[in-house]
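Report on one structure; see the data block that follows.
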Amino acid sequence: MTTSDELLHRTVAADSLGGTVRRTVLPNGLRILTEAIPTMRSVSFGVWVAVGSRDETPAQSGVSHFLEHLLFKGTRKRTALQISSEIEAVGGETNAFTTKEYTCYYARVLDEDLPLAVDVVCDLVADSVLDAADVETERGVILEEIAMHDDEPGDEVHDLFARAVYGEHPLGRLISGTEQTVSAMTRRQIQGFYRRRYTAPAMVIAAAGNLDHGEVVKQVRRALQGSPLESGTAEPAPHRPAGATVRTGTRTAVQHKETEQAHVVLGCPGIGRLDERRFALGVLNNVLGGGMSSRLFQEIRERRGLAYSVYSYSSQYADSGLFGVYAGCAPGKVDEVLTLIRAELAEVAAHGITEAELARGKGMAKGSYVLGLEDTGSRMSRLAKGEFLFGDLLSVDELLSRVDAVTADEVNTLAAELLTRPMSLAVVGPFDEGDFAG
């Protein structure tokens, strides 16, 4: 590997609400971002990989999630027990998660134990052995996870909604895969995906807490020595491009289950994460269904008592997005609840929001941004997502300024366009497709 003076270093930001953010690019294209927060006694360290379920073929559906499980099963240096016990012995925690567009492996430890966390997490990401016996063991675990998910209709309805909007597009598939694809997946397929996708240019390492940037860089390079990620010369992969327009549809999807409560999501395609209107969407979402003071909560739960849980939400991807309203209610109340949801969306689309709602929606957005950054894990995530998803890192002050700049006209214009789009409906409960034919 090269000497440190050949690396690309720069200070990204010095945040008044956090610490100094620095970025280093290794010759192999691996990016390392840190935020030094001396007042903390912990550090969160994560390895983020720019691959998720939307990068899979139909036959590979679930391989990213399968791989997430397998990397904890052992490397050339450590067994599965050693991976977990070494971190737990110092009171730390380690875990991972897979999304539609990226996968993250992370650990949170005391600041003095950061070198251990770096070594363990880098080792499992870079040098897993993917033993055949472990593949079979984890296959059973994942199949149980899929079955457990099917027993949670409140979660299942959101996956059903994504399929209703995106159809056969990868964004409409389950992150976990299906029983059929997971059962058929071979070790060779998983290993091939691992070596093709888990490359240094496609990775970002992020750490936040009481740390020294230069020491983190040294620890990462030391941890990767002798691994497949050690050598090579490359530029970092650019953040995922928007690409071609994602085709969406308008569908009604019903999953029949004899549940005591019906679960519904009504919504439409939203906006991509690079759309400048995303800040206005955050305010609009808060006003519609972002809390107990929101229009939907007040109308459906507080005034009429028709549902225990009702809220709106948005999801953004590189080239698309979702906007939906969820409600859980008695099966006999579904028609009334859907009528009220449609009426509220139509009202906001036609007449917009008030100045008082604008102020409250902006206050909620700013509060969630700041309160969500009060631990090292969320700050570590902010670094990686800024690099991965946006190609830039806005400081907390810049984020707050962008929210403050949102006007009522911007929110109302977006509402008039978004909330009049053709709507898809997903339902999990004691119904059949014909019950919603109208």
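What you see is a predicted model; the values in this text were computed from it and never measured. We number each residue from 1, following the sequence as shown.
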Main-chain N/O of [Y] paired to [X] side chain as donor or acceptor, under 3.5 Å:
{"X": "Lys100", "Y": "Arg173", "result": "yes"}
{"X": "Glu336", "Y": "Lys333", "result": "no"}
{"X": "Thr181", "Y": "Thr178", "result": "yes"}
{"X": "Arg295", "Y": "Leu288", "result": "no"}
{"X": "Arg76", "Y": "Asp127", "result": "no"}
{"X": "Asp151", "Y": "Met148", "result": "no"}
{"X": "Arg139", "Y": "Met185", "result": "yes"}
{"X": "Asn285", "Y": "Tyr313", "result": "yes"}
{"X": "Arg196", "Y": "Gly192", "result": "yes"}
{"X": "Thr103", "Y": "Val51", "result": "yes"}

Heavy-atom count check: over 12 atoms from other residues, nucleotides or ligands less than 6.0 Å from [X] [atom1]?
{"X": "His256", "atom1": "NE2", "answer": "yes"}
{"X": "Glu136", "atom1": "CD", "answer": "yes"}
{"X": "Glu179", "atom1": "CD", "answer": "no"}
{"X": "Arg195", "atom1": "CZ", "answer": "yes"}

Which one of Val204, Leu393, Ile205 satisfies the side-chain contact (heavy atoms from CB on, under 4.5 Å) criterion with Leu383?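 Among Val204, Leu393, Ile205, the one meeting side-chain contact (heavy atoms from CB on, under 4.5 Å) with Leu383 is Leu393.
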Between the side chains of Asp404 and Lys366, is the shortest nitrogen-to-carboxylate-oxygen separation below 4.0 Å, so that they form an ion pair?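 Yes, Lys366 and Asp404 are salt-bridged.
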Side-chain ion pair, Lys385 and Glu101, N-O less than 4.0 Å: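 Between Glu101 and Lys385 there is no salt bridge, as every charged N stays at least 4.0 Å from the carboxylate O atoms.
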When rounded to the nearest 0.5 angstrom, what is the spacing between OH in Tyr326 and CD1 in Ile341?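 Here the rounded value is 10.5 Å.
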Could you check whether the rings of Tyr105 and Phe72 sit parallel, tilted or perpendicular, using 30° and 60° as the cut-offs?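 The arrangement is tilted - the two ring planes meet at 30° to 60°.
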Go through Glu68 and Thr98 one step at a time and tell me if the side-chain hydrogen bond (donor to acceptor under 3.5 Å, both in side chains) criterion holds. CA-CA 7 Å; Glu68 174 214 313; Thr98 306; 2.5 Å; yes
List in chain and number order the residues that pass side chain to side chain contact (heavy atoms under 4.5 Å, CB included) with Arg78, two or more places apart in sequence or in another chain; answer none if no residue qualifies.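 For Arg78 the side chain to side chain contact (heavy atoms under 4.5 Å, CB included) partners, ignoring immediate neighbours, are Thr75, Gln82, Ile83, Glu86, Asp119, Val120, Asp123.
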Side chains of Ser128 and Tyr198: donor-acceptor distance under 3.5 Å anywhere?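 Ser128 vs Tyr198: no donor-acceptor pair found between side chains.
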